[in-house]
Asks: 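Below: one structure in structure tokens.
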Amino acid sequence: MKNIWQGLAQELEDAKAAALYRSLRIAEPDSPALNFADNDYLGLRFHPRVVAAFQKAAEKYGTGSGASRLITGTTEIHERLEKKIAVFKRREKALMYGSGYLANLGIVSALAGEKDLVIIDKLNHASIIDACRLSGAELRVYPHKNLKKLEAILKTSARFRRKLIITDSVFSMDGDLAPLPELVSIKKKSGALLMIDEAHGTGVFGENGRGAAEHFGVEEEIDISMGTLSKAVGCLGGYAAGPAVLIDYLINFSRPFIFATAPPAAMAAACLESFRVMEEEPELRRKLWQNVKLARKEISGLGYETGETESPIIPLLIGNEEKALNLSVRLREKGILIPAIRYPTVSKGKARLRLTLSARHSAQDLNSLFTAMRQVRELL
Ligand SMILES: *Cc1c(COP(=O)(O)O)cnc(C)c1O
């Protein structure tokens, strides 16, 4: 017994020595303005209408949901939210999960098994990788956005029952976009299904904030669209959207949907209100993009390396883990919260600070950010 705990303690010591140790930090809500780290891109987490919808539904339905969706956990609010998501995503139907992570596990493990092939981008989110492993399907990975390699993999895939290409639509640590139109034409030629993860696309991209698929004009061509309700939507949960038969199949065979307690009705009510606010207040998205444009210009002007970002996610590429940590600590001393992102979230030697913009940031917030970044730039 003692040896087992000692072994774990040794691994933690090794992580510390490599500047890869992680610990929890309390994030107080009183100074959200200086938070340049979260994914609340539109500031909806604190929107009065969203908070009020949550409170009102909690009064009526309680805090929990009591059981899984198939037992007694489904309310009329869940169904209204799912209809809303389906319309918003231009798909026939949608299904809510407890989180985006669970949605990925639930969709991929239901659709793919031993006879199937899943093909993913090297920089896809960890929840997609875990989902593929859980499914038991054959897993192939192509280098980031390397479509030639993807096509080569598909050429030798005749023996598989189903083929599923999965990609983040907006890559979460680099902020660049997947080439969705090209992926659509590849999947059509090969008979594979295309699934996209719009965790960082929904609410942010497209004329109406419907996601990167709207931005590229390919919404109707996406077989499975999944996303989270925890980022721009400002709440907690995940969803799958696609043809009615897919949703029916998930209700019957998706284990993370079947064997988990339903997300509370109050959460579904808050999500529903969020989608309405997104539609009724397009100025939030305009403000977000104004902030993004200004920040990109200022930050690259200061000499930071920001890679190929096309989104509100701006990576400050550092490389060395200790250097990244140090920069993050110095910024924090100046009142700016931008945590260092290290292995295994990104590869070893690719450490970075991941800065995100939100509609809730004021001009003054941005000035404080730029001032602090100017002061610490000698650490680069
Ligand atoms: C955050 C994220 C998820 C997981 O969503 P949660 O709702 O946080 O569980 C899935 N995919 C991507 C690309 C993400 O960035």
Side-chain angles (χ1 to χ4, degrees), residues 24 27 35 37-42 44-45 50 81-82 85 89 94-109 118 120-135 141 144-145 164-180 183 194-205 211-213 215 222 224-241 250 254-257 260-264 267-268 270-271 274-275 309-315 339 341-342 344-346 352 354-358:
L24 297 171
N35 171 344
D38 71 20
N39 306 299
D40 180 17
Y41 298 114
L42 300 173
L44 293 182
R45 184 158 74 104
V50 178
L81 171 65
E82 289 168 342
I85 295 172
K89 286 283 160 185
L95 191 67
M96 184 189 191
Y97 282 81
S99 71
Y101 188 102
L102 282 179
N104 272 330
L105 291 194
I107 299 164
V108 181
S109 66
V118 283
I120 66 175
D121 188 290
K122 172 89 166 60
L123 294 190
N124 273 358
H125 191 258
S127 59
I128 296 177
I129 299 166
D130 294 355
C132 294
R133 289 182 182 148
L134 178 67
S135 76
V141 181
H144 187 44
K145 298 199 286 197
L164 184 58
I165 304 166
I166 314 174
T167 185
D168 287 22
S169 67
V170 181
F171 289 91
S172 57
M173 295 301 139
D174 291 81
D176 55 337
L177 297 177
L180 296 185
L183 284 165
L194 177 61
M195 167 170 163
I196 64 170
D197 178 336
E198 289 261 44
H200 301 276
T202 301
V204 173
F205 280 91
H215 168 80
I222 304 298
I224 305 161
S225 179
M226 73 72 62
T228 172
L229 302 166
S230 328
K231 288 171 181 161
V233 181
C235 300
L236 182 69
Y239 63 84
L250 294 177
S254 179
R255 295 171 66 88
F257 176 81
T261 298
M267 193 51 83
C271 294
S274 256
F275 279 102
T309 177
E310 301 166 74
S311 70
I313 300 164
I314 305 184
I341 306 287
R342 295 158 289 160
T345 310
V346 295
R352 65 199 56 193
R354 177 179 179 273
L355 188 162
T356 50
L357 280 308
S358 168

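Indexing begins at 1, ligand by ligand and atom by atom, following the structure's order.
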Asks: Given the rule in the side chain to side chain contact (heavy atoms under 4.5 Å, CB included) test, do T228 and V233 qualify, once you have shown the distances and angles that lead to the verdict?
Replies: CA-CA 8 Å; T228 172; V233 181; over 6 Å; no

Asks: Among S127, S99, G201, which one puts a heavy atom closest to atom 10 (C) of ligand 1?
Replies: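 Nearest option to atom 10 (C) of ligand 1, by heavy atoms: S127.
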
Asks: For ligand 1, which atoms, with element, lie under 4.0 Å from some heavy atom of A199?
Replies: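 Ligand 1 atoms under the 4.0 Å threshold to A199: 2 (C), 11 (N), 12 (C), 13 (C), 14 (C), 15 (O).
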
Asks: Nearest protein heavy-atom contact for atom 11 (N) of ligand 1: which residue, which atom, what distance?
Replies: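 The answer is D197 OD2, 2.6 Å.
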
Asks: Can Y41 and H200 be counted as having a side-chain donor-acceptor contact under 3.5 angstrom?
Replies: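 Side-chain D/A pair, Y41 to H200: present.
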
Asks: Nearest 0.5 Å please: distance from the CZ atom of R352 over to the CD1 atom of I313.
Replies: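 Rounded to the nearest 0.5 Å, the CZ-CD1 separation comes out at 10.5 Å.
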
Asks: Less than 3.5 Å between some nitrogen or oxygen of S172 and one of ligand 1, yes or no?
Replies: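 Among all N and O atoms of S172, none is under 3.5 Å from an N or O of ligand 1.
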
Asks: Would you kindly say whether D176 and H144 are connected by a side-chain donor-acceptor distance under 3.5 Å?
Replies: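 The criterion, which ignores hydrogens and geometry beyond distance, is satisfied for H144 and D176.
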
Asks: Using side chain to side chain contact (heavy atoms under 4.5 Å, CB included), reason through L105 and Y97 one step at a time and then give a plain yes or no.
Replies: CA-CA 10 Å; L105 291 194; Y97 282 81; over 6 Å; no

Asks: Are T202 and K89 close enough, and set up right, to give a side chain to side chain contact (heavy atoms under 4.5 Å, CB included), and what steps lead you there?
Replies: CA-CA 9 Å; T202 301; K89 286 283 160 185; 3.0 Å; yes

Asks: Do G100 and ligand 1 have an N or O pair less than 3.5 Å apart?
Replies: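 Yes; at least one N/O pair falls below 3.5 Å.
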
Asks: Could you tell me whether Y101 and ligand 1 have an N or O pair separated by under 3.5 Å?
Replies: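 Yes, there is a polar N/O contact under 3.5 Å.
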
Asks: Taking a cutoff of less than 4.0 Å between a non-hydrogen atom of the residue and any ligand atom, is G237 in contact with ligand 1?
Replies: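 For ligand 1, residue contact (heavy atoms, under 4.0 Å) with G237 is present.
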
Asks: Can L250 and I107 be said to form a side chain to side chain contact (heavy atoms under 4.5 Å, CB included), step by step?
Replies: CA-CA 7 Å; L250 294 177; I107 299 164; 4.2 Å; yes

Asks: List the closest protein heavy-atom neighbour of atom 1 (C) of ligand 1: residue, atom name, distance to the nearest 0.1 Å.
Replies: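 For this ligand atom, the closest protein heavy atom is K231 NZ, 1.5 Å.
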
Asks: Below 4.0 angstrom from a heavy atom of T228, which ligand 1 atoms are there? Numbered from 1 as shown, please.
Replies: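 Numbered from 1, ligand 1 contributes 5 (O), 6 (P), 7 (O).
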
Asks: Counting heavy atoms only, which of E198, H125, H200 comes nearest to atom 3 (C) of ligand 1?
Replies: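 Answer by nearest heavy atom: H125.
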
